[in-house]
Amino acid sequence: MDSLISTGLIGLSLGTQYALISIGFTLIFGIMGVVNFAHGGFYILGGYFAFTATTALGMPYVAAVVLATLATAVLGYVIEMIFVEKYVADHLATMLITLGIYQIMTTGIVLSYGAEPAEFRFPVAGSFRGPGFYVPYANLIVFAVCAAAIAGVYYLVFRTRYGIALRAMADDGPVARAQGIPPAKMFPMAFAIATGLAGLTGALVTPILALEPHGGESVLLKAFIVVILGGLGSITGAMVAAFGVGVIEAYSSVYLGGSKGALALFVLVVLILLVRPQGLFGTVARKA
Amino acid sequence: MNRLPILFRALARGVLVLSCGTAASMAWAQDCEVKLGVSGPMTGGASAWGLAAKAAAEFEAAYVNEQGGLPMGNRKCKVKVYPFDSQYTVAGGAAASNYFASENIRIVAGPIGGPEVTGFRPVAKRHGQINFSNTYMAGVIGTEYPLGFHALQSPITWGPILVKEALKRFKIQTLMIIGANDSGGTDGSKQLAKLYGEQGVKTQEEYFQRGTTNFAPIAQRIMAAKPDAIEIATMPPADATQLVRQLMDAGYDGIIGALGGLGAPPVIQGAGGVEKLKAYYWLEIVPVTEPGVDKFKADFERLMKAPPPPEHMLPHVMVGLNGDQQMLRAVSLAGTDQDVEKIAAELRKMTPESRYFGRGGWRGKAIYGINQELAFPVGLGVIQNGKRVGVLRVEIPAE
């Protein structure tokens, strides 16, 4: 029973992290039709930006997280304008471009910081202990910030004119353009929001887990699982799938062990996709 | 009319002076080069081990080159290092061997991880490469691969001695061994289970998916199993740091052991300091408190014009160095870096010797059927009740 509660809390904690990273990933695909292979790179860059800001610049951690979020957002904006925008209609080209950008990012990090993991710790230590469970304070803080960020994204996408325009682009690009929605403004901004979210997640999560140059690969893999399960392009789907994956991963790892737990997760994903190939909340085919 | 011969004489003198100068400045190089390949994980969680192997080879090359080069018959050749990131994978190990073949490299330091060795060996056998691997993989050397040498003794060698020493200090009846679910983790974990089991400890193995970044579920399983101690020797340093950190969050206050290549720093870092650790014992793959280690550090600073390798990498650098020194000695005695049979024969004939630890020996016949494992002393480090107790020197007998 003790581990049942603790495991559930671990699952929720994992779920919020997966949700935040996956929302950005699915946002880019939903609006632009781009599978952003550099998404994990922005996550790691967020971690390194925050690390540099706290260690080299001596900034407080909170300010470093804000800086990392803004820096990755700006970088995402610039990268979209320079490299992605021109080929946005060509899925294969954008895949290769973003993959190349990811390679440049990781190699750049290795050259700048070395290949070994950086010693980056969350500023708050210790755990909250209740009857039969514990939650590290760091996880609670990350949970709260991620939840706030997710709420912010929801507000932006579903409650603002900009969000309506974004969803219009995602639903039917040509019609949205005909209505006067300019893709040249929408796409870079959507890309910046997504990469900023990845940077925010990296700045928050890497001090709890590990900050190392190739850490983005496992994050990208998890984001893939989440968005495919949730339905490519569906923000709600990504949210639900992220929590589902987090909780299943936690329970299967704790009760079946690390190896069998990982296997259980993948088997479950495959089974769900057999029944619903479009994912939990995906539509059968993307129009744009 | 007489001007032309004078001009020629002046030109001839100039050419002579120039060629003498060039010859003097290139006295050690003489257009010959000994190519030393290094294979190991240089990125990712296990990068500390691969980078240590690279640092060792680069240091040894710099040391030899400072003496004018490696004596090869009547010449002295420059030693050049060719590193390859084999990424702790089977495919990476095979790719390393192919890369070395493409560069005409036949002497190799590494690979480091079990999966890398698995991929490297058959390809290296085909390419005719000789290597000093540095892993705990079962059957790392054997008669099937006569050009494979081993720089690091496996748990099976020093295990019985160190487990006995650890059990003298700590009361351990149940032990959970944590490792990755590939040959790099399972081989070492099974060897450890056998070693502890033989001394009456009840063991349980727990495996995680390689690449795991969040160890909270594993920590949860450990807390639920309530073992007296956990063994994390086969975990890469970054993973071990993460596991210990999350174990501490979960409230773990049991004993931690690492009779493997992990060393002390990853666990101390994960715990948040020595004072936070109740009980930790670990293998030092070299006795790090020996005076030879201080001499190495001084040599490293002087030659590489850089601070000595950090604490968590230092023992791995020195183990790699033990292998590199023997390899280059054998190359020198054989007078070739291409005829691997000749180099292997020289290795088998020689008594291993380290500049920093003195004379060693060969062993391995009893375990692997082939006497190609270096025998230099190791150490047992102990932290008890938040204080460093010290490092005990443990001799490894030759065969």
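Here is the naming used below: chain letters follow the sequence lines, and residue numbers restart at 1 for every chain. These numbers come from a predicted model, not from an experiment.
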Student: Ring centres of B/Phe100 and B/Tyr82 under 6.0 Å apart?
Tutor: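 For B/Phe100 and B/Tyr82, the ring centres are not under 6.0 Å apart.
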
Student: Where on A/Glu217 is there a heavy atom nearer than 4.5 Å to chain B: the side chain, the backbone, both, or neither?
Tutor: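 For A/Glu217, neither part sits under 4.5 Å from chain B.
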
Student: Only pairs under 3.5 Å count here: list side-chain donor-acceptor contacts from residues 260-267 of chain A, not counting sequence neighbours, and write none if there are none.
Tutor:
none

Student: Between A/His214, A/Gln17, A/Glu212, A/Arg129, which has the largest tally of heavy atom pairs under 4.5 Å with chain B?
Tutor: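 Between A/His214, A/Gln17, A/Glu212, A/Arg129, the count favours A/Arg129.
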
Student: If you count heavy-atom pairs under 4.5 Å with chain A, which of B/Asn214, B/Asp85, B/Ile218, B/Ile178 comes out on top?
Tutor: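 Of the candidates given, the most pairs with chain A belong to B/Asn214.
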
Student: Heavy-atom distance under 4.5 Å to chain A: side chain of B/Thr43, backbone, both or neither?
Tutor: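 Answer is both: backbone and side chain atoms of B/Thr43 are under 4.5 Å from chain A.
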
Student: Can you tell which part of A/Ile10 gets under 4.5 Å to a heavy atom of chain B, answering side chain, backbone, both or neither?
Tutor: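 The answer is the side chain of A/Ile10.
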
Student: B/Arg221, B/Met42, B/Gln242: which one forms the most heavy-atom pairs within less than 4.5 Å of chain A?
Tutor: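 Winner by heavy-atom pair count: B/Arg221.
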
Student: Quick one: are the ring centres of B/Phe208 and B/Phe215 less than 6.0 Å apart?
Tutor: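 When the ring centroids of B/Phe208 and B/Phe215 are compared, they turn out to be within the sub-6.0 Å range.
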
Student: Hey, which of B/Asn181, B/Leu51, B/Asp249 has the most heavy atom pairs under 4.5 Å with chain A?
Tutor: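 The answer is B/Asp249.
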
Student: A/Ile109 versus chain B, heavy atoms under 4.5 Å apart: side chain, backbone, both or neither?
Tutor: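 When you check distances to chain B, no heavy atom of A/Ile109 falls under 4.5 Å.
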
Student: Pick one of side chain, backbone, both or neither for A/Leu14, based on which atoms fall under 4.5 Å of a heavy atom in chain B.
Tutor: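 For A/Leu14, the side chain is the part near chain B, not the backbone.
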
Student: Of all heavy-atom pairs between B/Ala233 and B/Leu192, which one has the smallest distance, and what is that distance?
Tutor: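 Nearest pair, atom of B/Ala233 first, then B/Leu192: CB-CD1, 3.8 Å.
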
Student: Please table the atom pairs, donor to acceptor, closer than 3.5 Å between any side-chain atom in residues 87-96 of chain B and protein atoms at least two apart or in another chain.
Tutor:
from, atom 1, to, atom 2, distance (Å)
B/Thr89, OG1, B/Ser86, O, 3.4
B/Thr89, OG1, B/Gly92, N, 2.8

Student: Among B/Gln269, B/Gln209, B/Met248, which residue has the highest count of heavy-atom pairs closer than 4.5 Å to chain A?
Tutor: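 Option with the top pair count is B/Gln269.
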
Student: Check whether any side-chain heavy atom of B/Ile177 sits under 4.5 Å from a side-chain heavy atom of B/Gln204, and report yes or no.
Tutor: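 Answer no - side chains too far apart.
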
Student: For chain B, find which of A/Ser259, A/Ser13, A/Ser252 contributes the most heavy-atom pairs closer than 4.5 angstrom.
Tutor: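 It is A/Ser259.
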
Student: What I want to find out is whether B/Lys278 reaches B/Asp253 closely enough, with some N-O distance under 4.0 Å, to be called a salt bridge.
Tutor: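 So B/Lys278 does not pair with B/Asp253 through a salt bridge.
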
Student: Between A/Tyr102 and A/Phe42, is the ring centre distance below 6.0 Å?
Tutor: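 No - the distance between ring centres of A/Tyr102 and A/Phe42 does not fall below the 6.0 Å cut-off.
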
